[in-house]
Amino acid sequence: MIEGFMVLLLFQLSGEAIVHVTHLPIPGPVVGLLLLLVWARLGGAIGAPSTVVARGLLGNLGLMFVPVAAGIMFQLRSLGGAAWHVLWIVIATTTFTLVVTASVFVLLSRLSKRDRS
C-alpha cells in the first residue's frame, strides 16, 4: 500500500514541480493527474498497489466534502449576506463537477469498450 501511495505522490510531486518551474495557472495535482493519464495512455502501468490505493481513495471520495461543509457551517454567521451566494456557488460547482465526472466516465467507458473490440 505504501508503494501505491508513493507512485501517486510521485506523479503529484512531478506536477507540482512542473507548475513551480513553468508558473502555469493550474494546480500541481491536476498536472500530476494529467501526467498519470499520459503515462497510462502510453502503456505505462502503475502496478497493483497503486490500483488498490486509488480504489480506496475513490471509494471514500465523499469524505472530501465534509471539511468544506463544516467550514461553511462554522463561518455561516460571518458570511452574512454573501451566504446565499456561497451556497449557490457550492451547489453550482458541485453539480458541474458531477456532470463533468459522469461525462468523462461515459467517454472513457466507450473508449474502453472500443479498445476491447
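These values consider heavy atoms only, across backbone and side chains, with no hydrogens, waters or symmetry-generated copies.
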Would a hydrophobic clustering, with Ile, Leu, Val, Met, Phe, Trp and Tyr connected at side-chain separations under 4.5 Å, put Val38 with Val30? no
Verify, without hydrogens or angle tests, whether Ser14 (side chain) and Leu10 (backbone) share a donor-acceptor contact under 3.5 angstrom. yes
Treating Ile, Leu, Val, Met, Phe, Trp and Tyr as nodes and any side-chain heavy-atom pair under 4.5 angstrom as an edge, say whether Leu13 and Val7 lie in one connected cluster. no
Which atom names give the shortest non-hydrogen contact between Ile26 and Val19, and what distance separates them? O-CG2, 3.2 Å
In terms of heavy-atom contacts, Glu16 and Pro29 come closest through OE2-CD, 3.2 Å
Cut-off 3.5 Å, no hydrogens considered: what does the side-chain donor-acceptor table look like for residues 87-100, sequence neighbours left out?
| unit_1 | atom_1 | unit_2 | atom_2 | d |
| --- | --- | --- | --- | --- |
| Thr93 | OG1 | Ile89 | O | 2.8 |
| Thr93 | OG1 | Val90 | O | 3.2 |
| Thr94 | OG1 | Val90 | O | 2.7 |
| Thr95 | OG1 | Ile91 | O | 2.8 |
| Thr97 | OG1 | Thr93 | O | 2.7 |

Kindly compute the distance separating CG (Leu108) from CG (Leu37), expressed to the nearest 0.5 Å. 7.5 Å
Rounded distance [0.5 Å steps], CG in Leu9 versus CD1 in Ile2: 11.5 Å
Please assess Leu36 against Leu8 for the test side-chain contact (heavy atoms from CB on, under 4.5 Å), listing each intermediate value before the final yes or no. CA-CA 8 Å; Leu36 179 61; Leu8 295 177; 4.1 Å; yes
Give the C-alpha distance, both sets of side-chain angles, the deciding distance and a yes or no for side-chain contact (heavy atoms from CB on, under 4.5 Å) between Val53 and Leu57. CA-CA 6 Å; Val53 170; Leu57 288 171; 4.1 Å; yes
